[in-house]
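The basis for the numbers below is simple: all heavy atoms, side chains too, and nothing from hydrogens, waters or symmetry mates. First the proteins, then the strands, lettered A, B, ... as listed; each starts at 1. The shown structure was predicted, so the numbers you read here are calculated from the model rather than taken from an experiment.
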There are 2 protein chains.
Amino acid sequence: MAAERKVSSTNYRNQSFLVNKCSLNELLDLVSKRWVSEVLFCIEEGNNRFKSIKEELQFISDTVLADRLKLLEKYDLVNKVTFNVMPVRVEYSLTENGKTLCGLLETLCNFSDSLPAMNN
Amino acid sequence: MAAERKVSSTNYRNQSFLVNKCSLNELLDLVSKRWVSEVLFCIEEGNNRFKSIKEELQFISDTVLADRLKLLEKYDLVNKVTFNVMPVRVEYSLTENGKTLCGLLETLCNFSDSLPAMNN
DNA sequence: TCAATAACTAATTAATTACTTAGTAATGGC
DNA sequence: GCCATTACTAAGTAATTAATTAGTTATTGA
């Protein structure tokens with residue numbers, strides 16, 4: 001299991017300060033975690049199984065993918081449906097919030113594409 | 001000085017993979033660094049001096065603020081003008097790109113405010 | 001001459017995040 | 001009975017990011 005955050009650190013205090021100041025900081029913290037935006041786009045494109053997302057994203061590990069899906073579910077951006085068959089079948093899809101976020105991220109993406117200083 | 005990134009790590013390889021796949025990942029990496037979005041908003045609101053940004057953001061350290069301003073300048077989001085007086089006078093302002101980004105971040109912020117799972 | 005000032009940089013340490021390896025459940029097919 | 005399968009979890013290590021401490025420049029005011 002992941003180590004607990006150390007709540008007495010200034011690192012933690014600063015992050016809390018920022019999140020309290022503006023929820024954008026919490027959202028940015030989430031979507032900028034490695035692979036998160038790509039997992040979202042992957043599901044948007046119809047990859048609704050753990051395995052197909054994993055194949056699509058080539059280098060992502062089981063551990064990280066599981067963690068990111070759980071986070072996205074927690075924030076109500078992704079829905080998870082488990083079927084009681086063997087081997088287990090689980091399907092992921094975007095919630096309404098997830099779809100909205102994808103749209104916003106696409107706008108951001110167009111902006112970053114237009115920035116000469118990005119990606120060179 | 002900051003330690004060099006270890007280019008032989010899978011950590012590095014994965015980040016490169018993501019940045020190559022989509023420049024959004026590079027932008028997210030930048031704006032999600034701690035304090036970056038707040039520094040941007042701070043300048044947008046007219047705090048154009050190192051010191052006034054620092055006071056506004058209460059817990060930010062000199063080191064981090066200097067680093068963030070340098071990054072924002074590098075990506076052409078912030079302009080820096082130095083006056084040759086003593087003590088040194090430096091003024092920061094948003095570039096056109098910086099203003100556009102602020103607008104996009106505000107939209108994202110409204111979204112995160114609307115998400116029940118954020119901030120509680 | 002000594003402290004204060006603005007806007008930093010360098011080096012070190014602390015904290016966090018990402019990755020690796022190994023292992024789980026329950027069932028079908030060989 | 002043994003292996004394969006899907007979708008995971010747990011524990012440990014590597015890598016990265018953030019914070020801390022100390023110091024810099026050049027000048028003014030006390």
Side-chain angles (χ1 to χ4, degrees), chain A residues 1-18 25 28-36 38-39 47-55 57-73 78 80-92, chain B residues 1-18 25 28-36 38-39 47-55 57-73 78 80-92:
Chain A
M1 222 197 271
E4 299 269 306
R5 278 203 89 167
K6 190 168 177 186
V7 299
S8 65
S9 64
T10 45
N11 191 323
Y12 180 84
R13 188 250 288 145
N14 287 353
Q15 180 63 15
S16 307
F17 171 79
L18 289 170
N25 288 301
L28 285 176
D29 208 44
L30 171 65
V31 297
S32 69
K33 278 188 200 300
R34 194 161 294 171
W35 305 104
V36 165
E38 297 299 331
V39 169
N47 296 292
N48 58 355
R49 307 290 303 278
F50 189 94
K51 197 166 190 281
S52 71
I53 298 169
K54 193 165 144 54
E55 279 163 7
L57 296 180
Q58 204 176 330
F59 296 119
I60 198 173
S61 69
D62 281 21
T63 322
V64 172
L65 180 51
D67 176 75
R68 300 301 123 104
L69 286 168
K70 196 180 279 188
L71 266 174
L72 289 169
E73 216 196 327
V78 158
K80 173 179 173 176
V81 181
T82 306
F83 298 87
N84 263 332
V85 293
M86 214 31 74
V88 186
R89 177 182 180 84
V90 175
E91 282 185 9
Y92 295 98
Chain B
M1 226 200 268
E4 299 270 306
R5 278 203 90 168
K6 192 169 177 188
V7 298
S8 65
S9 64
T10 44
N11 191 323
Y12 180 83
R13 187 250 288 147
N14 288 352
Q15 179 63 14
S16 307
F17 170 80
L18 290 170
N25 288 301
L28 285 177
D29 208 47
L30 170 65
V31 298
S32 69
K33 276 188 202 301
R34 192 162 295 169
W35 305 104
V36 165
E38 296 300 331
V39 168
N47 295 292
N48 58 355
R49 307 290 303 275
F50 190 94
K51 195 164 191 286
S52 71
I53 298 170
K54 192 163 143 56
E55 279 163 8
L57 296 180
Q58 205 176 329
F59 296 119
I60 198 172
S61 68
D62 280 21
T63 322
V64 171
L65 179 53
D67 176 75
R68 301 299 125 104
L69 286 169
K70 197 182 278 188
L71 266 174
L72 289 169
E73 215 197 329
V78 158
K80 174 179 173 177
V81 179
T82 307
F83 298 87
N84 264 331
V85 294
M86 213 33 73
V88 186
R89 177 182 179 83
V90 175
E91 281 183 11
Y92 295 97

Listed by chain and number, what are the side chain to side chain donor-acceptor pair (under 3.5 Å) partners of [X], not counting sequence neighbours?
X        : result
Glu91(A) : Arg89(A)
Arg13(A) : none
Asp62(A) : Lys54(A)
Lys80(B) : none

- Query: Looking at residues at least two apart in the chain, or sitting in another chain, which of them share a salt bridge (charged side-chain N to carboxylate O under 4.0 Å, His left out) with Glu55(A)?
  - Reply: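 Partners of Glu55(A) by the salt bridge (charged side-chain N to carboxylate O under 4.0 Å, His left out) criterion, ordered by chain and then number, come out as Lys51(A).
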
Going by side chain to side chain contact (heavy atoms under 4.5 Å, CB included), name the residues that satisfy it together with [X], two or more places apart in sequence or in a different chain.
X        : result
Asp67(B) : Leu71(B)
Thr63(B) : Ser61(B)
Ser16(A) : Tyr12(A)

Listing time: all N or O pairs from protein to nucleotides 13-17 of chain D that are below 3.5 Å?
residue: dA15(D); atom: OP1; partner: Lys6(B); partner atom: NZ; Å: 3.0
residue: dA15(D); atom: OP2; partner: Lys6(B); partner atom: NZ; Å: 2.9
residue: dA15(D); atom: O3'; partner: Ser9(B); partner atom: OG; Å: 3.4
residue: dT16(D); atom: OP1; partner: Arg5(B); partner atom: NE; Å: 3.3
residue: dT16(D); atom: OP1; partner: Ser9(B); partner atom: OG; Å: 3.3
residue: dT16(D); atom: OP2; partner: Lys6(B); partner atom: N; Å: 2.8

- Query: Which part of the nucleic acid does Thr63(A) contact within heavy-atom distance under 4.0 Å: base, sugar-phosphate only, or nothing?
  - Reply: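 Touches a base.
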
- Message: Base, sugar-phosphate or nothing for Asn14(B)? Non-hydrogen atoms, less than 4.0 Å.
- Response: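 Asn14(B): backbone/sugar contact only, no base atoms under 4.0 Å.
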
Starting at atom [atom1] of [X], determine the distance to atom [atom2] of [N], rounded to an integer number of angstrom.
X        : N       : atom1 : atom2 : result
Phe83(A) : dC8(D)  : CZ    : C1'   : 17 Å
Lys54(B) : dT20(D) : NZ    : P     : 11 Å
Leu65(B) : dC8(C)  : CG    : P     : 8 Å
Phe59(A) : dC19(C) : CZ    : P     : 11 Å
Glu73(B) : dA7(C)  : CD    : C1'   : 13 Å

- Message: Among residues at least two apart in sequence or on other chains, which ones pass ring-ring contact (aromatic ring centres under 6.0 Å, His included) with Phe17(A)?
- Response: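 In terms of ring-ring contact (aromatic ring centres under 6.0 Å, His included), with neighbours along the sequence ignored, Phe17(A) is linked to Trp35(B), Phe59(B).
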
- Rounding to 10 degrees, work out the angle separating the end axes of the helix from dT1(C)-dA30(D) to dC30(C)-dG1(D) (five pairs an end).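 Between the first-five-pair axis and the last-five-pair axis there is 30°.
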
Write out a two-atom table: protein N or O, nucleotide N or O from nucleotides 4-7 of chain D, distance below 3.5 Å.
residue: dT6(D); atom: O3'; partner: Arg49(A); partner atom: NH2; Å: 3.2
residue: dT6(D); atom: O3'; partner: Val88(A); partner atom: O; Å: 3.4
residue: dA7(D); atom: OP1; partner: Arg49(A); partner atom: NE; Å: 2.8
residue: dA7(D); atom: OP1; partner: Arg49(A); partner atom: NH2; Å: 2.6
residue: dA7(D); atom: OP2; partner: Lys51(A); partner atom: N; Å: 3.0

